[in-house]
Structure formats: C-alpha cells, structure tokens
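Below: one structure, written as structure tokens.
Both backbone and side-chain heavy atoms feed into the values below; hydrogens, waters and symmetry mates do not. Nothing here was measured: the structure is a model prediction, and the numbers come from that model.
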Amino acid sequence: MKVLIAGCGYVGEALGHELLALGDTVICLKRDTRGLGREISPWAADLTVPSSLMGLPADVTAVVFCAGARERSEAAYTSTYVRGLENLLSALGSAGAELERLIFTSSTAVYEHEDGRWVDEDSPAEPTARTARCLLEAEAITLRGAPRASVVRLGGIYGPGRAGLVERIRSGQVTAPGATLYTNRVHQDDCAGVLAHLLHAESPPPLLLAVDDCPVDLSELYRWLADQLGVAAPRASDSAPRGRFRTSKRCRNARLKAMGYRLRMPSFREGYAALLQEAEA
Ligand SMILES: NC(=O)c1ccc[n+]([C@@H]2O[C@H](COP(=O)([O-])OP(=O)(O)OC[C@H]3O[C@@H](n4cnc5c(N)ncnc54)[C@H](OP(=O)(O)O)[C@@H]3O)[C@@H](O)[C@H]2O)c1
C-alpha cells in the first residue's frame with residue numbers, strides 16, 4: 001500500500017514507522033519536514049494552500065489525515081480539518097490518484113455529555129462547540145471521500161514527550177476537579193497501532209472509537225500518579241468545572257476489540273508506568 005500521512009506530527013510520525021515495518025510505502029506530508037527521517041519520505045506542503053499540494057504522486061492508494069489545528073478556534077478547525085481535507089482530496093483527484101482507503105483522525109470531543117454515561121459508535125454526537133462541529137463536517141467529507149473510508153475518534157493522546165501532567169503533579173501545580181469527570185485516554189503507541197490495524201483491515205468500519213479499556217475519573221488518575229511519584233495528591237477545587245472542562249463520558253472500545261486489535265497500553269496504569277520508568281532511566 002502507498003500511504004500518504006497528511007499532517008505528520010506526534011501520531012502521524014509514529015504511524016509512519018509502524019507502516020514501514022509492515023512493508024508499506026509511506027509519504028509524510030507536513031509544512032516543516034525538518035527532523036523527519038528520510039525513510040518516511042517527507043513531503044513539504046501546506047494543506048490550507050492548494051497550490052502547495054500540486055504534484056502529489058498519482059499512485060497513492062491510502063490517506064490518513066492526522067493534521068492538527070494550531071489552536072482551538074472555529075477558524076483554525078475549519079481551515080485545517082475541513083478545507084485542508086477538501087484541498088488534499090481535490091489535489092489527489094487532480095493527480096489521478098484512486099484512493100482505496102481514507103482515514104480521518106477525529107476526537108471523542110464530539111460527545112459532550114456531562115453525566116459520565118457510556119458512549120460508543122452508535123451514540124449520537126450532537127456537539128454544540130463550533131470546533132467539534134467542524135470535526136463532524138470533516139468526518140462527513142471523509143466518508144464521501146473514498147469507497148472504504150473510516151473516521152477514528154481518538155481519546156486524549158499521551159505518551160513519550162506528552163507527559164506534562166506528570167511534571168505538574170510532581171510540582172504540585174494541579175488542582176483536582178470538584179466533581180467526577182471521566183477522561184478517556186489512548187497512548188501514542190496505540191494511536192499508531194490502531195490506525196495501522198484499521199488501514200490493513202479487510203472490512204474497516206466507517207466509525208471507530210480509539211480509547212483504552214479504562215475511562216478514569218480525573219481525580220483518581222491524579223491520585224494514582226501522585227502515589228506513583230510519592231507526592232501529595234492534588235487538592236480538590238472548590239468551584240465546579242466550566243465550559244468544555246465539564247464534559248464527562250466513558251467511551252467504549254468494544255468495536256476496536258471486535259476488530260482483533262490488542263491494546264499495547266490497556267489503561268493509564270501501563271501507559272504512565274512506562275513513562276515513569278523511561279524518565280527514571
Ligand atoms: N492531542 C490529543 O489529545 C487529540 C485527541 C483527539 C484527537 N486528536 C487529533 O489527532 C490528530 C493527531 O494529533 P497529534 O497529536 O499527532 O497532532 P500534532 O502532533 O499537533 O501533529 C499535527 C501535525 O499536523 C501538521 N500540520 C498542521 N497543520 C498543517 C497544515 N496546514 N498543512 C500540513 N501539515 C499540517 C503539523 O506539522 P507542521 O506544523 O510542520 O505542518 C503537525 O506535525 C489531530 O487531528 C488531532 O486533532 C488529538
């Protein structure tokens with residue numbers, strides 16, 4: 001398979017190496033390709049500038065879109081996820097590429113429930129946040145964009161280089177929310193693993209939640225981390241969480257399991273334990 005990874009950052013680069021190991025040919029597109037290994041064929045282009053996308057190879061058969069908007073605003077989301085995706089599909093169409101597979105990395109942020117309920121791929125996503133609505137728009141473009149297209153809604157990504165929470169807990173800078181708030185997490189290794197697994201699946205589902213087995217109350221996660229670090233558990237805030245920080249839902253990963261994917265980091269415990277060990281080493 002010749003795979004174009006559009007927006008090759010934290011997840012995209014890990015995916016690139018995963019796919020190379022599976023024998024795929026990989027092209028990694030981003031604006032600043034310095035620092036990318038030559039083996040994943042860096043391709044410098046800006047998804048928001050159609051002219052920069054001219055000359056893409058016609059023999060690309062699969063695209064994984066995992067560019068990230070530079071800020072959480074409607075303008076940035078529209079530009080990156082909606083226009084960026086449209087520009088890319090149009091450029092590949094003009095190049096004569098015939099996509100067999102197309103994957104868009106969306107987010108569990110499209111579920112805005114606040115009551116800790118379980119959600120899965122069949123649960124309605126009716127976000128009020130404009131940013132989340134942009135994600136839904138890009139999801140719809142994806143599903144029209146190739147015969148076997150899939151949307152993957154990722155939970156909160158963490159892993160090597162994204163362990164700021166650990167340092168903030170260590171230095172006592174974190175306050176626990178004054179309410180039960182579930183967080184759904186997925187390790188970088190599983191982001192790459194799930195996307196590669198999906199790309200190679202015989203019958204890929206159109207929608208997949210990619211989260212670990214263990215939605216966890218934020219306060220419990222903070223206490224667990226504090227315990228591992230041997231520091232005091234963060235104190236609870238006196239005020240109720242506001243805005244997007246109020247959302248609380250538990251995402252089910254049954255469909256992912258049914259596809260035969262085995263999580264490398266089934267919960268925050270394995271994932272953060274690996275990070276803490278690496279930091280010690
Ligand atoms: N972080 C999370 O917890 C989380 C949760 C759910 C879903 N997601 C989604 O998962 C995806 C992957 O996340 P990530 O953490 O890997 O993101 P990331 O590290 O921020 O990487 C995104 C990459 O996109 C590239 N990019 C951004 N705008 C671009 C443009 N206009 N043209 C070309 N390339 C562009 C950036 O490289 P250049 O700056 O060099 O162009 C960057 O390397 C994103 O879609 C994100 O929204 C993230």
Problem set entry | Val82 backbone acceptor or donor facing Glu137 side chain under 3.5 Å | no

For this session: Go through the steps for Arg264 and Glu18 under the test salt bridge (Lys or Arg N to Asp or Glu O under 4.0 Å), then give the verdict.
Result: CA-CA 13 Å; Arg264 297 163 190 180; Glu18 187 100 12; 2.5 Å; yes

Exercise. Do Val49 and Leu53 sit in the same hydrophobic cluster, where Ile, Leu, Val, Met, Phe, Trp and Tyr count as joined when their side-chain heavy atoms come under 4.5 Å apart?
Worked result: no

For this session: Examine distances only and state if a side-chain atom of His197 and a backbone atom of Met259 form a donor-acceptor pair shorter than 3.5 Å.
Result: yes

Problem set entry | Side-chain donor/acceptor of Arg148 to backbone N/O of Glu202, under 3.5 Å | yes

For this session: Please confirm whether the backbone N or O of Gly116 pairs with a side-chain atom of Arg250, one donor and one acceptor, at under 3.5 Å?
Result: yes

Exercise. For the side chain of Asp217 and the backbone of Leu181, is there at least one donor-acceptor N/O pair under 3.5 Å apart?
Worked result: yes

Exercise. Any link between Trp118 and Tyr111 through a network of hydrophobic side chains (Ile, Leu, Val, Met, Phe, Trp, Tyr) touching at under 4.5 Å?
Worked result: no

Exercise. Quick one: SG on Cys8 to CH2 on Trp43, what's the gap to the nearest 0.5 Å?
Worked result: 14.5 Å

For this session: Answer yes or no: is there a side-chain heavy-atom contact under 4.5 Å between Pro266 and Asp212?
Result: no

For this session: Identify whether Val60 and Val64 are in the same connected component of the hydrophobic contact network (ILVMFWY, side-chain heavy atoms under 4.5 Å).
Result: no

For this session: Show your reasoning for whether side chain to side chain contact (heavy atoms under 4.5 Å, CB included) applies to Leu89 and Val63.
Result: CA-CA 9 Å; Leu89 294 178; Val63 167; 5.6 Å; no

Exercise. Can we say Asp59 and Lys2 salt-bridge, meaning some charged N sits less than 4.0 Å from an Asp/Glu carboxylate O?
Worked result: yes

Exercise. What's the shortest heavy-atom distance between Val119 and His113, and which atoms?
Worked result: CG1-CD2, 3.4 Å

Exercise. Using the benzene-type ring in the case of Trp, are the ring centres of Tyr81 and Tyr77 under 6.0 Å apart?
Worked result: yes

For this session: For Leu102 and Phe104, run side chain to side chain contact (heavy atoms under 4.5 Å, CB included): C-alpha distance rounded to whole Å, both residues' side-chain angles, the deciding distance at 0.1 Å, then the answer.
Result: CA-CA 7 Å; Leu102 170 62; Phe104 177 76; 6.0 Å; no

Exercise. Within the distance-only criterion (no hydrogens, no angle test), does the side chain of Ser150 pair as donor or acceptor with the backbone N or O of Pro205 below 3.5 angstrom?
Worked result: yes

Problem set entry | Salt bridge flag under 4.0 Å for residues Glu220 and Arg223 | no

Seminar exercise, completed: Heavy-atom closest pair (Ser267 atom, Cys214 atom, distance to 0.1 Å) is CB-CB, 3.5 Å

For this session: Please examine the side chains of Glu167 and Ser171, heavy atoms only from C-beta on, and report whether any two atoms are closer than 4.5 Å.
Result: no

Problem set entry | salt bridge (Lys or Arg N to Asp or Glu O under 4.0 Å) partners for Arg34, two or more places apart | Asp32

Exercise. Is the shortest side-chain N to carboxylate O distance from Arg185 to Asp213 below 4.0 Å?
Worked result: no

Problem set entry | Test of ring centre spacing under 6.0 Å for Tyr158 and Phe268 | no

Exercise. Does a side-chain N-to-carboxylate-O contact under 4.0 Å join Arg153 and Glu139?
Worked result: yes

Exercise. With distance as the sole test, does Asp190 use its side chain to make a donor-acceptor pair with the main-chain N or O of Met265 at under 3.5 Å?
Worked result: yes

For this session: Measure from the side-chain N and O atoms of Glu71 to the backbone N and O of Ala76, and report whether any donor-acceptor pair falls under 3.5 Å.
Result: no

Exercise. What distance do Asn253 atom CG and Asn184 atom CG have between them, rounded to the nearest 0.5 Å?
Worked result: 9.5 Å

Problem set entry | Of all pairs that satisfy side chain to side chain donor-acceptor pair (under 3.5 Å), the ones with a partner from residues 90-104, not counting sequence neighbours | none

Exercise. Hey, are the side chains of Leu256 and Val211 touching, using non-hydrogen atoms and a 4.5 Å cut-off?
Worked result: no

Exercise. Does a side-chain heavy-atom distance below 4.5 Å link Val110 with Arg133?
Worked result: no

For this session: Work out which heavy atom in Val152 is nearest to a heavy atom in Ala210; give both atom names and the distance.
Result: CG1-CB, 3.7 Å

For this session: With side chain to side chain donor-acceptor pair (under 3.5 Å) as the test, would you mind laying out the steps for Thr131 and Glu74 before giving the verdict?
Result: CA-CA 5 Å; Thr131 47; Glu74 184 180 8; over 6 Å; no

Problem set entry | Shortest non-hydrogen contact from Pro177 toward Ala236 | O-CB, 4.5 Å

Exercise. Between Ile169 and Tyr222, is any pair of side-chain heavy atoms under 4.5 Å apart?
Worked result: yes

Problem set entry | Min side-chain heavy-atom separation Leu225-Tyr272 under 4.5 Å | yes

For this session: Give a yes or no answer on whether the side chain of Tyr10 reaches the backbone of Gly159 with a donor-acceptor pair at less than 3.5 Å.
Result: yes

Exercise. Is Ile27 reachable from Phe65 through a run of hydrophobic residues whose side-chain heavy atoms are each under 4.5 Å from the next?
Worked result: yes

Exercise. Between OG1 of Thr25 and CD1 of Ile40, what distance do you get to the nearest 0.5 Å?
Worked result: 13.0 Å

Seminar exercise, completed: Minimal heavy-atom distance between Leu88 and Leu47, with the atoms involved, is CB-CD2, 4.0 Å

Exercise. Sub-3.5 Å donor-acceptor pair from the side chain of Asp46 to the main-chain atoms of Ser52, do we have one?
Worked result: no

Exercise. Out of curiosity, Leu154 CG to Cys191 SG, how far, rounded to the nearest 0.5 Å?
Worked result: 5.0 Å

Seminar exercise, completed: OH of Tyr261 to CG of Leu208, rounded to nearest 0.5 Å, is 11.0 Å

Exercise. How far does OG of Ser106 sit from CG of Leu136, to the nearest 0.5 angstrom?
Worked result: 6.5 Å

